[in-house]
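I have placed the structure first, in the form of structure tokens, so that the comments after it can refer back to it.
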Amino acid sequence: MGTTQSNAFCFCIVLVQNSLLRKVVFDVEKYLTFFLKTCIVLRCRYQMKGFKMTTDENLGHEQRQIRLEKLKKLEEKGINAYPHIYKPTATSKSLSEKYAELAPDTQTEDIVSVAGRVRAIRNSGMFMDIYDTTGKVQIYTSKESSAPEVLEMLDMVDIGDIIGVKGTVRRTKRGELSVNTQEITMLAKALLPLPEKFHGLTDTDTKYRHRELDMIMNPESIETLIKRSKIIESIRQLFLSKGLIEVETPVLHTIKGGATAKPFITHHNTLDMDLFLRVAPELFLKRLVVGGMPGVFEFARNFRNEGMDTTHNPEFTGMEVYIPYMDYNDMMDLFEEVVRKACMDVNGTLEIEYDGKKFDLSKPFARRSMHDLVKEYTGVDFMAIETDEEARAAADKLGVHVDDNADWGHCLAAVFEEKCEEHLIQPVHVTDHPKSMSPLTKVHRKEPRLVERFETFINCKEMCNAYSELTNPLDQRSRFEEQVKAREAGDDEADMMDDDFVEALEHGLPPTGGLGIGMDRLIMFLTGNTSIRDVLAFPTMRKLNK
RNA sequence: GAGUGCGUAGCUCAGCUGGUAGAGCACCUGACUUUUAAUCAGGUGGCCGAGGGUUCGAAUCCCUCCGCGCUCACCA
């Protein structure tokens, strides 16, 4: 080390002389002053770099090293730090219930074993807090009354380890229920330290990339994911109770269909064929209804190759349900039923707060047609507009940009999006969308330019999309043909012709109501999260270098 | 995709108009059989996101890249 240092030091001098001579030839005084200072700085730098290089390159940081050494010590004693099994006999919850009446400073003879992650160590190991899935258990280990093996094991325990503790139950003078240690078992030695206990983990990047760590540190993160599961379960139960069948349809599609969206493309080697990851399960589900299912639903992971933001992830969970002998009016009732049940099951109330606003879901949701809302917020009555030219002029006058070839329907939808959505805080079913925007929907029974479709908005966000499903095969074929034309004109989100689907309709699809729910958005709303990433266990993240 | 902000110890964050990298927690050593963000004393730990430039000298100024956040555009 000594020679390395002095070599490095000489090397510094040469470097410094060369560079300085070139640049500061005229100022000798300045040269000398900075020469000395720079030498000192560079020498420090070289020492630091030398030290760094001799310690490690791939063994990790100091705290991990210390834990690895403890792991090695355990192995040397013949102790498996990752044993096969351990059966705790009590949990935080069961103890606090059973010993609720136990007075402070009272020792019982009851022996229990608990297991969980060490979250805090106080007083040189005398007190530890371990957490199981139900909460905290305090562990008390006295130096005086514990066996040497216990104290040796205690020395091997770090914050973050998962341990099992067998001992007697008591309540301390200060009123904390504790287990007095008789035996400590290492169940999983943690090699990495946990984030700081007070501020915890706040870096969103780390939270999303290492969700397990986020869950350990932030109770609300694990809570959200548990609620997600419960919401899905709630909806599943509701549908099963109505006699509907849960089905699974293909994720790999040969034709992109069911939604206007850009697909992901993948390749099957044996078939030597490109396949699309599904953007929606809709067409397959309706074919199952043609086949005689009494109504079907699927929690479908969909994939759309589009932008990402707080309400869009490239893969997301849609729930679609199709029920014969129903129409879109029935679907409005159904969606309200779904939202109320899920909210009650997961929050225990129908009055919730989201994004700083209050929502009372017990009230019936408003039902307003799209053109009616446009009329209310802009004063323009699109139903009085006859031609596409007039519609474009009306949009233009409102400051809404539309394409030169946009038709009446596109103009109405564009004006709605820009002028109305921002006002739709409280739940509202926005009904009767323009026909040209909805190739899979039945024409409105009274207005030929509209279809029987609704989207429900809550807090300005679209929560669901539902139709009186188009069942006329001839109409469906001509709608697909329009989509194909749009596609050929450069709209790569437009639908492709799906002959198998149209053929299925030719066998007869009964009048059917369909409803699709953006599960992630509904879950966001019901769990109080404003970013879709918070309700996904592992949101899509950019790849890191290394 | 465009604009904008951020990236410093394992974690949370300071670091001024450039001048030898700091704190708290965590960790290590010791004290204390008590506590609950335990306390006290001492200590270890940094490619200051990466690369380039300006400068005698860059965490700091400039450029490029990477990652994240926010706003906007497309969409559920």
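The model shown is predicted, which means the values in this text are computed figures rather than measured ones. Below, chains carry the letters A, B, ... as their sequence lines are ordered, and counting in each starts from 1.
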For atom [atom1], what is the distance between [N] and [M], given to the nearest Å?
N	M	atom1	value
B:A59	B:U71	P	34 Å
B:C27	B:G18	P	39 Å
B:C16	B:A21	C1'	15 Å
B:A9	B:C65	C1'	25 Å
B:A23	B:A14	P	16 Å
B:U8	B:C13	C1'	9 Å
B:A37	B:G45	P	31 Å
B:A50	B:A41	C1'	41 Å

Selected nucleotide, minimal atom distance to [X] side chain, candidates [options]:
X	options	answer
A:E306	B:C25, B:C74, B:G67	B:C74
A:P193	B:U36, B:U34, B:A26	B:A26
A:I159	B:C68, B:C27, B:U36	B:C27
A:D205	B:G45, B:C68, B:U36	B:C68
A:L201	B:A38, B:C11, B:C68	B:C11
A:H199	B:G69, B:U12, B:C28	B:U12
A:E196	B:C11, B:A38, B:C70	B:C11
A:T204	B:U36, B:C74, B:G69	B:G69
A:S124	B:U36, B:A31, B:C27	B:A31
A:K197	B:C25, B:G69, B:U12	B:C25

>> Nearest heavy atom decides the nucleotide; on that basis, is A:D158 or A:T172 closer to the 5' end of RNA chain B?
In response: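 The residue closer to the strand's 5' end, by nearest nucleotide, is A:D158.
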Calculate the interatomic distance between [X] atom [atom1] and [N] atom [atom2]; express it in whole Å.
X	N	atom1	atom2	result
A:R64	B:A26	CZ	C1'	17 Å
A:D214	B:C11	CG	P	14 Å
A:K207	B:C11	NZ	P	15 Å
A:E176	B:U34	CD	P	17 Å
A:D129	B:A26	CG	P	13 Å
A:E418	B:A73	CD	C1'	11 Å
A:E69	B:U29	CD	C1'	14 Å
A:M308	B:U71	CE	P	15 Å

> Does the side chain of A:E418 come under 3.5 Å of the side chain of A:H401 through a donor N or O and an acceptor N or O?
Replying inline: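 The answer is no; no qualifying pair exists.
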> Can a donor-acceptor pair be found between the side chains of A:R453 and A:N465 at a distance below 3.5 Å?
Replying inline: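 Short answer, yes.
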> With a 4.5 Å heavy-atom cut-off, do A:H410 and A:M437 have their side chains touching?
Replying inline: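 Of all side-chain heavy-atom pairs linking A:M437 with A:H410, at least one is under 4.5 Å.
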Which nucleotide, in any strand shown, forms a Watson-Crick or G-U wobble pair with [N], with both distances under 3.5 Å?
N	answer
B:A59	none
B:U20	none
B:C27	B:G43
B:U71	B:A2
B:U64	B:A50

Check every strand shown and say whether [X] touches a base, only sugar-phosphate, or nothing at a heavy-atom separation below 4.0 Å.
X	answer
A:G200	sugar-phosphate
A:M463	nothing
A:N313	base
A:E455	nothing

I want to check one thing: is the phosphate of [N], taken as OP1 and OP2, less than 4.0 Å away from some side-chain N or O of [X]?
X	N	answer
A:R209	B:C68	yes
A:K70	B:C28	yes
A:R67	B:G10	no
A:R542	B:C68	yes

> Relative to each other, are the rings of A:F454 and A:Y328 parallel, tilted or perpendicular (30° and 60° limits)?
Replying inline: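 The arrangement is tilted - the two ring planes meet at 30° to 60°.
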> Do A:D161 and A:K189 pass the salt bridge (charged side-chain N to carboxylate O under 4.0 Å, His left out) test, and can you show the C-alpha distance, the side-chain angles, and the key distance before you say yes or no?
Replying inline: CA-CA 5 Å; A:D161 293 352; A:K189 181 73 196 159; 2.7 Å; yes
>> Would A:K93 and A:D132 count as a salt bridge (charged side-chain N to carboxylate O under 4.0 Å, His left out) here? Give the steps.
In response: CA-CA 9 Å; A:K93 194 172 171 222; A:D132 61 24; over 6 Å; no
>> Tell me the closest heavy-atom pair linking A:L194 and A:G160, and the distance in Å.
In response: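 The pair with the smallest heavy-atom distance is CD1-CA, 3.8 Å.
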>> salt bridge (charged side-chain N to carboxylate O under 4.0 Å, His left out) for A:K73 and A:E69? Distances and angles first, verdict last.
In response: CA-CA 6 Å; A:K73 277 187 199 165; A:E69 279 159 26; over 6 Å; no
>> Between A:E320 and A:K286, is the salt bridge (charged side-chain N to carboxylate O under 4.0 Å, His left out) condition met? List the steps.
In response: CA-CA 10 Å; A:E320 295 195 14; A:K286 281 194 268 198; over 6 Å; no
>> Would the base of B:C6 count as contacting A:D203 through its side chain, where contact means a donor and an acceptor less than 3.5 Å apart?
In response: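 When only heavy-atom distances are counted, A:D203 does not reach the base of B:C6 through any donor-acceptor pair under 3.5 Å.
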